[in-house]
Novice: 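This is the structure, below, for whatever I ask next.
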There are 2 protein chains.
Amino acid sequence: MLTPLRKVTEVVMGITDRKLRQKEEVRTSILDTAWEIVVTEGWSSFSIRKVADAIEYSVPVIYSHFENKEAILLEFNKKGFQLLVDALTTAKSKTTQPADQIRAMGKAYWNFAFANEEYYQLMFGLGIPSCDSKDKIPALGDFSQVIMSSIVAMAAPGKTPTFNPWLKYQSFWSMLHGLVSINMVAPDRVNAEEGHKDLPIQVLDDVLCSFIRGIEAAESARPD
Amino acid sequence: MLTPLRKVTEVVMGITDRKLRQKEEVRTSILDTAWEIVVTEGWSSFSIRKVADAIEYSVPVIYSHFENKEAILLEFNKKGFQLLVDALTTAKSKTTQPADQIRAMGKAYWNFAFANEEYYQLMFGLGIPSCDSKDKIPALGDFSQVIMSSIVAMAAPGKTPTFNPWLKYQSFWSMLHGLVSINMVAPDRVNAEEGHKDLPIQVLDDVLCSFIRGIEAAESARPD
DNA sequence: TTACTTTTCGTAACGGTGTTAGCAAAACTA
DNA sequence: TAGTTTTGCTAACACCGTTACGAAAAGTAA
């Protein structure tokens, strides 16, 4: 009202801008609240109704921002993969030696998983009904790329025609994911047996060591 | 009534026997029906109410056989681990060479997982709210034993003081579980990329090969 | 057979979930 | 100020796991 000489179109734009801004605020408050619930109470007690309650809106408001519950999960799934890729990239950048990069990424993968258990559980559907992530996670391409480039770099000098980086990448990922998920789902059984303390870290080292040796030995290997 | 000369106690026993038998029949029909639902419609659409409907009893009847839904899951969980241990044992018995035993068990593990996806999903909580399996699955001890004995046998000749079979067992399991679960949760992404057909099997071979080399090389290894 | 007791089991409820139709109130426009 | 659009709430639907309670069936004793 006090703004002098504003054209009608300007006013309209201002209003729609504010509306968009407000809508965006509600959206982020949904995501923030949802995440808070997940972190404090776990995935199992995360519900649309609880979020609606917490943000002091009615349930259908949430459905005007997200098509359904799965869409909210997908949002966190994307962010989780982005965080993971960032963590791997940072770890990788600390050295130029391919074998060290692989070691560093392996440890970064482990650290990410246990510093962000909720993300990891969602990303790989550990114990919760997750969302279909295929084709919807842009960072998944970066994920394979950042790992595979180190593998390729490592094998480059004396590479064999049968050497398959994609295969090695999957071995790498499988080993890491298996290690993480077993320790995340059944921690006490695996850790505390007969006083084996921080054994998972030893297993991680062992597995990374085997993997790197496997690539180093790729030139003289017979693929039986 | 037509049975001549039965003592009262005999009649009573007969009745209680029949009652026990009938109760057992209902119990197995619950489990059978539940399993049928899981196999045909997946874990997500398995519910107490659906089972009650299918066996033509009311819901509370199920609660007189199982404390809750989780108790039913636990039943399948136990059976799944027993089947897995059996599969591994059978595969192992085909040869006496420890390295071949490990290879055979690795492949048997993979085959079990994809021949019994529902079991595997439940046992390792892939995408479903699973039950707390710790301390309740008797076959879990056999599982570690059947694998570890081959590992020990393999390393026995020139074993190093630092060689840790329990650690190697966990590496083995982690690799296998990672490989299986990644291929079970996101099959198309991993398999069909750029026409890589039955690549998972190659990865399995690669991973098993690395693992066995890792044990063979244990004597001369520096644990960096 | 009859009267009493125990077991069995179905109805209906409680509190929770995801999702959506329909309508009232608020906000904006003319 | 009157009309239109947007916004958001109430209430419902169809599920879910779990359980209190009462009726009917089955077994027991006279």
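A, B, ... follow the sequence lines: proteins, then strands. Residue 1 opens every chain. Because the structure is predicted, anything quoted here is derived from the model rather than measured.
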Novice: Taking the side chain of A/Ser58 as heavy atoms from C-beta outward, which of D/dT10, D/dT18, C/dT17 is closest to it?
Specialist: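 Out of D/dT10, D/dT18, C/dT17, the nucleotide with an atom closest to A/Ser58's side chain is D/dT10.
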
Novice: To the nearest Å, how far apart are A/Tyr57 OH and D/dT6 C1'?
Specialist: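 Taking atom C1' of D/dT6 as the reference, OH of A/Tyr57 is at 13 Å.
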
Novice: Please determine, for the side chain of B/Ile48, which listed nucleotide (D/dC9, C/dT20, D/dG17) has the closest atom?
Specialist: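 So the nucleotide nearest the side chain must be D/dG17.
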
Novice: Whole angstrom is fine here: how far is it from NZ in A/Lys23 over to C1' in D/dT6?
Specialist: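 A/Lys23 atom NZ is separated from D/dT6 atom C1' by 9 Å.
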
Novice: How long is the line joining CG of A/Asp53 and P of D/dT10, in whole Å?
Specialist: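 About 11 Å, once rounded to whole Å.
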
Novice: Distance check needed: D/dT18 C1' versus B/Ile72 CD1, whole Å only.
Specialist: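 Value for this atom pair: 12 Å.
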
Novice: With a 4.0 Å cut-off on N to O distance, would you call B/Arg103 and B/Asp205 a salt bridge?
Specialist: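 Not counted as a salt bridge, because no side-chain N and carboxylate O are separated by less than 4.0 Å.
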
Novice: I want to verify a distance call: between D/dT19, D/dC16, C/dG10, whose nearest atom is closest to the B/Val59 side chain?
Specialist: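 It is D/dT19.
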
Novice: Aromatic ring centroids of A/Tyr109 and A/Tyr120 under 6.0 Å?
Specialist: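 So the answer is yes for these two rings.
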
Novice: In whole Å, I'd like the distance from the CD1 atom of A/Ile128 to the P atom of C/dG18.
Specialist: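 Taking CD1 of A/Ile128 and P of C/dG18, I get 13 Å after rounding.
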
Novice: Specify the closest pair of heavy atoms between B/Ile137 and B/Lys78, including all atoms of both residues, with the distance to one decimal.
Specialist: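 Taking every non-hydrogen atom into account, CD1-N, 3.9 Å.
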
Novice: Would you please confirm or rule out a distance under 4.0 Å between OP1 or OP2 of D/dC16 and any side-chain N or O of B/Ser47?
Specialist: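 B/Ser47 to D/dC16 OP1/OP2: side-chain N or O found under 4.0 Å.
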
Novice: Expressed as a whole number of angstroms, how long is the span from B/Glu56:CD to C/dT11:P?
Specialist: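 Checked: the CD to P distance equals 13 Å.
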
Novice: Indicate yes or no for a side-chain donor-acceptor contact from A/Lys50 to the backbone of A/Ser45 under 3.5 Å, with no hydrogens or angles considered.
Specialist: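 Here the side-chain-to-backbone pair exists.
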
Novice: Nearest to the side chain of B/Arg49, heavy atoms from C-beta on, is which of D/dT10, C/dC9, C/dA13?
Specialist: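 Taking heavy atoms from C-beta onward, the closest nucleotide is C/dA13.
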
Novice: Can you check the B/Phe46 CZ to D/dC16 C1' distance for me, whole Å?
Specialist: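 Computing the B/Phe46:CZ to D/dC16:C1' distance gives 12 Å.
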
Novice: Does a side-chain heavy-atom distance below 4.5 Å link A/Ser174 with B/Val207?
Specialist: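 They are not in side-chain contact.
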
Novice: What's B/Tyr63 touching, base or sugar-phosphate or nothing? Going by heavy atoms closer than 4.0 Å.
Specialist: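 Here B/Tyr63 touches the bases of the nucleic acid.
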
Novice: B/Pro60 or A/Asn68: which one's nearest nucleotide on DNA chain C is closer to the 5' end?
Specialist: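 Per heavy-atom nearest nucleotide, the more 5' residue is B/Pro60.
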
Novice: Without decimals, in angstroms, what is the distance between A/Lys69 NZ and D/dC15 C1'?
Specialist: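 Value for this atom pair: 14 Å.
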
